[in-house]
Amino acid sequence: TIQVWHGADLIGSVVDAGFQGIYSPNSVWYLDHLGTTWKTMYTQEPTTYVTNKANLPLLLGGEGCMWGETVDVSDIEQTVWPRMAAIAERLWSPQDV
């Protein structure tokens, strides 16, 4: 299993080469990127990069990452939510939503 975090489009290359992949693009789904809105996170569709749709089962899922050096107990909740919910919704929703 290969986790793709640098270069969102690489997930397509990973699964099209026959490997299982986990999608966690640092440019969009890193929660410490405070300028990224929940709408941007929600519209990032992982399956877009998979050219051979027969390989979609190899795309195991995704991950939103939160790095602790940018938050503390006073702001963790408002930093993570609702953006993590947008990522989760994107991962379990149909592609066309």
Sequence neighbours excluded, which residues qualify as side chain to side chain donor-acceptor pair (under 3.5 Å) partners of [X]?
X     : answer
Ser13 : none
Thr70 : none
Gln78 : none
Ser24 : Gln3

For Ser27, the side chain to side chain contact (heavy atoms under 4.5 Å, CB included) test, sequence neighbours excluded, returns Pro25

Looking at residues at least two apart in the chain, or sitting in another chain, which of them share a side chain to side chain contact (heavy atoms under 4.5 Å, CB included) with Ser93?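 Ser93: side chain to side chain contact (heavy atoms under 4.5 Å, CB included) contacts with Tyr42, Glu89, Arg90, Val97.
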
Would you call Met66 and Thr79 a side-chain contact if the rule is heavy atoms closer than 4.5 Å? yes

As a test of understanding, state which of Asn52, Thr47, Val50, Leu10 forms a side chain to side chain contact (heavy atoms under 4.5 Å, CB included) with Val15. Val50

So with a 6.0 Å cut-off around NZ of Lys39, is the heavy-atom count from everything else above 12? no

Which value, rounded to the nearest 0.5 Å, describes the distance between [X] atom [atom1] and [Y] atom [atom2]?
X     : Y     : atom1 : atom2 : result
Ile11 : Thr48 : CD1   : OG1   : 12.0 Å
Leu31 : Ile76 : CG    : CD1   : 8.5 Å
Met84 : Met41 : CE    : CE    : 9.0 Å
Gln20 : Ile2  : CD    : CD1   : 10.0 Å

Hey, what else clusters with Tyr30 if you join Ile, Leu, Val, Met, Phe, Trp, Tyr whenever side-chain heavy atoms sit under 4.5 Å?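 When side chains under 4.5 Å apart are linked, the cluster holding Tyr30 also contains Trp5, Trp67.
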
Is there a path of hydrophobic side-chain contacts, each under 4.5 Å between heavy atoms of I/L/V/M/F/W/Y residues, joining [Y] to [X]?
X     : Y     : result
Leu60 : Ile87 : no
Leu91 : Leu59 : yes
Trp38 : Trp81 : no
Leu34 : Val28 : no

Which pairs count as salt bridge (charged side-chain N to carboxylate O under 4.0 Å, His left out) when at least one residue sits in residues 9-38, sequence neighbours excluded?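 Residue pairs with at least one partner in residues 9-38: there are none.
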
If a pair satisfies salt bridge (charged side-chain N to carboxylate O under 4.0 Å, His left out) and one of its residues is in residues 58-80, list it, with sequence neighbours excluded. none

Residues 10-29 vs ring-ring contact (aromatic ring centres under 6.0 Å, His included), sequence neighbours excluded, gives Tyr23-Trp29

Test your reading of the model: is there a side-chain donor-acceptor pair from His33 to the backbone of Asn26, 3.5 Å cut-off?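 Flag set: sc His33 to bb Asn26 pair under 3.5 Å.
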
